[in-house]
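First comes the structure, then the notes that go with it.
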2 protein chains.
Amino acid sequence: MANQAPGGGHRAAPVHTDPEEVSVLAALSAVADPVRIQLIRELAHSADWTRSCGSFDVPVGKAALSHHFSVLRGVGLVEQRDEGPRRVNRLRREEFEARFPGLLDLLLRAGDTD
Amino acid sequence: MANQAPGGGHRAAPVHTDPEEVSVLAALSAVADPVRIQLIRELAHSADWTRSCGSFDVPVGKAALSHHFSVLRGVGLVEQRDEGPRRVNRLRREEFEARFPGLLDLLLRAGDTD
DNA sequence: CCGAGTGTTCGATGGATATCTTACAGTCCC
DNA sequence: GGGACTGTAAGATATCCATCGAACACTCGG
């Protein structure tokens with residue numbers, strides 16, 4: 001298999017979804033969760049590819065955290081890339097905005113913590 | 001008690017919430033439900049105060065329906081008024097739009113049924 | 001090669017909530 | 001007043017999903 005660096009087993013590459021093929025209901029459900037809102041906000045305040053999954057200050061274990069990122073990936077809001085031992089993230093602002101105009105702004109603008 | 005028309009028991013007037021005092025999370029949770037999305041869309045295509053609760057084509061019993069309207073009222077998206085034996089509805093478009101810009105449009109514009 | 005660090009997967013658990021059934025409260029019309 | 005109609009309330013059930021613990025996979029540095 002002509003794949004990547006020689007000599008190695010690799011972690012399964014994260015599967016990404018195009019926001020364009022995501023339903024409104026799915027997007028809203030994904031985003032209607034306090035932990036995920038917190039992740040999105042924190043991510044929005046950081047530069048792309050600078051935040052690893054474990055670097056977020058959320059009150060859940062790493063298993064749940066992994067699940068949350070999976071959900072966010074599943075609606076095309078977050079993109080992930082493996083960088084050595086860790087998995088770094090970025091918000092797919094433009095693509096998501098194109099499919100769900102205003103939704104991301106709503107999450108980031110609203111001044112409440114919940 | 002000096003309350004309303006004389007001689008009469010009355011149905012409890014529906015309690016309304018100002019969208020201004022609703023959290024983003026609550027609004028998103030309320031709106032992230034297939035039945036409620038359907039209600040909102042159907043309501044949006046009708047003139048104000050013309051649709052009674054029972055007049056919506058949703059696949060749930062009337063008890064569940066009553067619950068859904070209660071949720072929508074609770075986030076300030078729907079206003080209700082008693083009109084004889086039935087309770088008629090209207091969308092609080094402007095107020096909701098002011099608090100959650102773009103959210104209602106998102107629900108109405110997206111061309112998918114789910 | 002081993003150990004520390006990072007993240008995923010699996011199974012189980014608990015809590016929230018959407019739903020139904022039944023019973024009740026008003027309203028209107030005869 | 002009786003009966004049809006409309007909606008709410010309360011209790012029971014069921015389903016979904018967020019969370020955790022434990023085991024595993026991969027990366028990197030000694």
Side-chain angles (χ1 to χ4, degrees), chain A residues 3-16 25-40 43 49-75 78-89 114, chain B residues 3-16 25-26 28-39 43 49-75 78-89 114:
Chain A
N3 205 8
Q4 314 232 344
H10 290 276
R11 190 178 342 196
V15 180
H16 288 106
L25 178 58
L28 291 174
S29 302
V31 129
D33 176 282
V35 173
R36 291 196 282 266
I37 289 184
Q38 198 174 335
L39 290 176
I40 294 166
L43 194 49
W49 309 122
T50 60
R51 304 293 304 269
S52 70
C53 294
S55 74
F56 291 82
D57 186 26
V58 286
V60 297
K62 55 181 184 174
L65 190 54
S66 180
H67 165 66
H68 285 303
F69 274 107
S70 165
V71 171
L72 293 177
R73 244 174 27 222
V75 295
V78 164
E79 190 177 354
Q80 299 186 309
R81 174 208 291 175
D82 285 343
E83 206 163 81
R86 56 183 107 88
R87 185 160 280 193
V88 291
N89 304 273
D114 47 3
Chain B
N3 204 10
Q4 315 232 342
H10 290 275
R11 191 178 341 198
V15 179
H16 289 106
L25 177 58
L28 291 173
S29 302
V31 130
D33 176 282
V35 174
R36 290 195 283 266
I37 290 183
Q38 198 173 335
L39 291 177
L43 194 49
W49 309 122
T50 61
R51 303 294 303 270
S52 70
C53 294
S55 73
F56 291 82
D57 186 25
V58 286
V60 298
K62 55 179 185 173
L65 191 54
S66 179
H67 164 66
H68 285 302
F69 274 107
S70 164
V71 171
L72 292 177
R73 247 175 24 225
V75 296
V78 164
E79 190 176 354
Q80 299 185 310
R81 173 208 293 174
D82 285 342
E83 206 163 80
R86 57 182 103 89
R87 184 161 280 193
V88 291
N89 304 272
D114 48 2

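The chains referred to below are lettered A, B, ... by the order of the sequence lines, with proteins before strands, and numbering in each begins at 1.
For R87(B), the side-chain hydrogen bond (donor to acceptor under 3.5 Å, both in side chains) test picks out D82(B), with sequence neighbours left out. Applying the salt bridge (charged side-chain N to carboxylate O under 4.0 Å, His left out) rule to R86(A) yields no partners; only residues at least two apart in sequence or on another chain are considered. Every residue two or more places apart in sequence or in another chain that forms a side-chain hydrogen bond (donor to acceptor under 3.5 Å, both in side chains) with H68(B) is listed here: R36(B). Among residues two or more places apart in sequence or in another chain, the side-chain hydrogen bond (donor to acceptor under 3.5 Å, both in side chains) test is passed with S55(A) by R51(A). With sequence neighbours left out, the side-chain hydrogen bond (donor to acceptor under 3.5 Å, both in side chains) criterion links S70(B) to no other residue. For R73(B), the salt bridge (charged side-chain N to carboxylate O under 4.0 Å, His left out) test picks out no residue, with sequence neighbours left out.
Between dT19(D), dG7(D), dA18(C), one nucleotide has an atom nearer to the side chain of H68(B) than all others, and that is dA18(C). Closest approach to the R36(B) side chain among dA18(C), dG7(C), dG7(D) is made by dA18(C) (side chain taken as heavy atoms from C-beta onward).
Using a 4.0 Å cut-off on heavy atoms, the residues of residues 60-67 of chain B that approach DNA chain C are V60(B), G61(B), A63(B), A64(B), H67(B), listed by number.
Between the C1' atom of dT6(C) and the CD atom of Q80(A) lies a distance of 12 Å, rounded to the nearest Å.
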Any N/O pairs under 3.5 Å between the protein and nucleotides 28-30 of chain D? List them or say none.
none

Anything under 3.5 Å between a donor and an acceptor, one on a side chain of residues 56-64 of chain A, the other on a protein residue two or more places apart or in another chain? List them.
none

